[in-house]
Peer 1: 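This is the structure I have questions about; it appears just below.
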Protein chains: 2
Amino acid sequence: MRDTRAELLSQAETLVRGRGYAGFSYADLAEAVGIRKASIHHHFPTKVDLGAALVAAYADRYDAALAAIQAEVPDGPGRIAAYGQLYLGGVEQGLGCLCAALAIEGEALPERLRGDIAAFFKGHLAWLDAILRAGQADGSVRSGSEPAVLARYVIATLEGALLMERLFASPTAFAGTLAVLVDSLRA
Amino acid sequence: MRDTRAELLSQAETLVRGRGYAGFSYADLAEAVGIRKASIHHHFPTKVDLGAALVAAYADRYDAALAAIQAEVPDGPGRIAAYGQLYLGGVEQGLGCLCAALAIEGEALPERLRGDIAAFFKGHLAWLDAILRAGQADGSVRSGSEPAVLARYVIATLEGALLMERLFASPTAFAGTLAVLVDSLRA
DNA sequence: AAAGATCTACCTACTTAATGGTAGGCAATG
DNA sequence: CATTGCCTACCATTAAGTAGGTAGATCTTT
């Protein structure tokens with residue numbers, strides 16, 4: 001059994017993360033998966049439906065990973081480091097963040113997708129806020145800045161680092177940026 | 001005299017920064033400027049020509065600003081803060097970085113443009129490297145990390161902050177991230 | 001200075017290919 | 001027998017780019 005729907009999601013995610021939402025077509029996706037263009041519409045009637053499913057699947061994977069980090073890593077900086085490692089999957093494949101690729105298209109993006117990616121990042125910000133707040137409380141994270149400000153700083157740095165990595169792939173550069181980031185959060 | 005070419009560059013820049021390179025068409029640009037689509041080809045024969053001119057003009061503006069900062073601001077953290085302020089223009093207009101918008105499209109982008117934006121960021125990295133190295137030498141920037149690593153961290157954080165700002169515009173969020181960034185570089 | 005030639009900046013009208021999406025058929029499966 | 005999953009064949013729209021023309025400015029030659 002080959003799960004065509006899952007295959008479509010997987011290949012479409014690679015395409016969007018590699019070339020942007022406006023930068024790939026149903027024709028590209030059909031070729032990548034090996035079915036006909038019209039058949040995609042059977043699984044995802046419109047491109048927006050596909051985009052929304054992509055974001056939902058991506059968000060689910062992150063949600064699971066965030067919960068695992070919270071359960072398995074005790075200290076604040078360690079959790080942020082583990083969070084940063086999540087971006088490494090993209091680094092290794094030379095792919096950007098799905099939601100960053102969508103966010104760049106801003107105004108041109110269908111409103112539904114705009115809402116979905118806003119929710120994606122809001123979720124991360126809320127998680128980081130809680131993690132950093134706990135870290136400040138137990139003394140593992142430096143105090144003096146609002147957790148919300150630090151949360152935004154963390155996402156910004158990692159999203160930017162991933163962007164840089166795609167332009168200048170280097171085995172150590174992402175790790176270097178992550179190390180500086182985590183270090184700057186230590187108490 | 002109305003300089004149509006300059007107007008085309010200005011409007012095209014807004015379009016690319018707001019919706020990505022693949023997300024705007026000559027038809028959009030023609031409407032924005034108020035001339036016919038075919039007339040754009042008189043100034044920029046192909047879309048790649050237009051894109052390259054966009055990056056060149058953008059890079060020139062940054063080059064001038066970088067030189068001014070180096071001349072007018074003496075200390076390392078102050079220079080990085082001033083560098084971060086350069087991104088504020090985009091923040092205020094709700095526009096992303098031109099080269100980030102192009103970089104996201106990665107593989108799908110014409111090779112010529114890929115080379116141009118790589119050169120753009122290489123220039124920034126080199127400038128930051130020199131600035132941070134000087135800051136370490138005069139004791140205004142913390143030592144312990146390679147200037148090249150810190151340079152990449154600076155760009156990553158600011159590019160990411162600009163991305164976040166477009167999703168969640170907030171009068172203070174960008175400034176907050178910039179403050180944390182500059183603070184983390186202090187000796 | 002007049003006459004012709006050339007150039008600039010724009011136009012209308014078009015081509016070709018690609019876009020997202022639709023209609024309807026057909027074979028396998030439960 | 002109805003549903004699922006895929007197909008061929010199509011549609012309307014939009015994409016970038018081309019062809020060829022026109023009005024006006026500018027340069028050249030007599």
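Chain letters run A, B, ... following the sequence lines, proteins first and then strands; every chain starts at 1. Nothing here was measured: the structure is a model prediction, and the numbers come from that model.
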Peer 1: Aromatic contact between A:Phe120 and A:Tyr58, with the criterion being ring centroids under 6.0 Å apart: yes or no?
Peer 2: yes
Peer 1: Which of the following nucleotides, D:dT8, D:dG17, D:dT18, is nearest to the side chain of B:Thr46?
Peer 2: D:dG17
Peer 1: Calculate the interatomic distance between B:Asp49 atom CG and D:dG17 atom C1'; express it in whole Å.
Peer 2: 12 Å
Peer 1: At under 4.0 Å between heavy atoms, what does B:Phe24 touch on the DNA or RNA strands: base, sugar-phosphate, or nothing?
Peer 2: sugar-phosphate
Peer 1: Grab the CZ-C1' distance between B:Arg36 and D:dG20 for me, whole Å please.
Peer 2: 17 Å
Peer 1: Main chain of B:Ala161, side chain of B:Thr177: is a donor-acceptor contact present, judged purely on distance under 3.5 Å?
Peer 2: no
Peer 1: Return the value, rounded to whole Å, for the distance between atom CZ of B:Phe44 and atom P of C:dC10.
Peer 2: 11 Å
Peer 1: Nearest-Å distance, CD (A:Glu31) to P (C:dT19)?
Peer 2: 11 Å
Peer 1: What I want to check is whether the side chains of B:Thr14 and B:Arg17 have a donor and an acceptor closer together than 3.5 Å.
Peer 2: no
Peer 1: If you only use heavy atoms from C-beta on, which nucleotide in D:dG17, C:dG21, D:dT8 is closest to the side chain of B:His41?
Peer 2: D:dG17
Peer 1: Round to the nearest Å and state the distance from B:His43 atom NE2 to C:dA9 atom C1'.
Peer 2: 6 Å
Peer 1: Within this structure, what is the CD1-to-P distance between A:Ile35 and D:dT4, rounded to whole angstrom?
Peer 2: 17 Å
Peer 1: Between D:dA15, C:dC10, C:dG20, which one does the side chain of A:Ser25 approach most closely?
Peer 2: C:dG20
Peer 1: Nearest nucleotide by nearest heavy atom, which residue falls closer to the 5' end of DNA chain D, A:Lys37 or A:His42?
Peer 2: A:His42
Peer 1: Looking at A:Leu163 and B:Ala100, what are the two nearest heavy atoms and their distance?
Peer 2: CD2-CB, 3.8 Å
Peer 1: Out of C:dG20, D:dC7, D:dA15, which nucleotide sits closest to the side chain of A:Tyr26?
Peer 2: C:dG20
Peer 1: Judged by modelled atom types alone, do A:Tyr153 and A:Ser184 share a side-chain donor-acceptor pair under 3.5 Å?
Peer 2: yes
Peer 1: Within this structure, what is the CG-to-C1' distance between B:Asp28 and D:dA16, rounded to whole angstrom?
Peer 2: 12 Å
Peer 1: Measuring from the side chain of B:Ala27 (C-beta onward, heavy atoms only), which nucleotide among D:dA15, C:dT19, D:dC6 has the closest atom?
Peer 2: D:dA15
Peer 1: Expressed in angstrom and rounded to an integer, what is the separation of A:Ile40 atom CD1 from D:dT8 atom C1'?
Peer 2: 15 Å
Peer 1: Could you tell me whether the side chain of B:Lys47 has a donor or acceptor atom within less than 3.5 Å of a complementary atom in the base of D:dG17?
Peer 2: no
Peer 1: Identify which nucleotide among C:dC10, C:dA13, C:dT22 has an atom closest to any side-chain atom of B:Ser39, counting heavy atoms from C-beta outward.
Peer 2: C:dC10
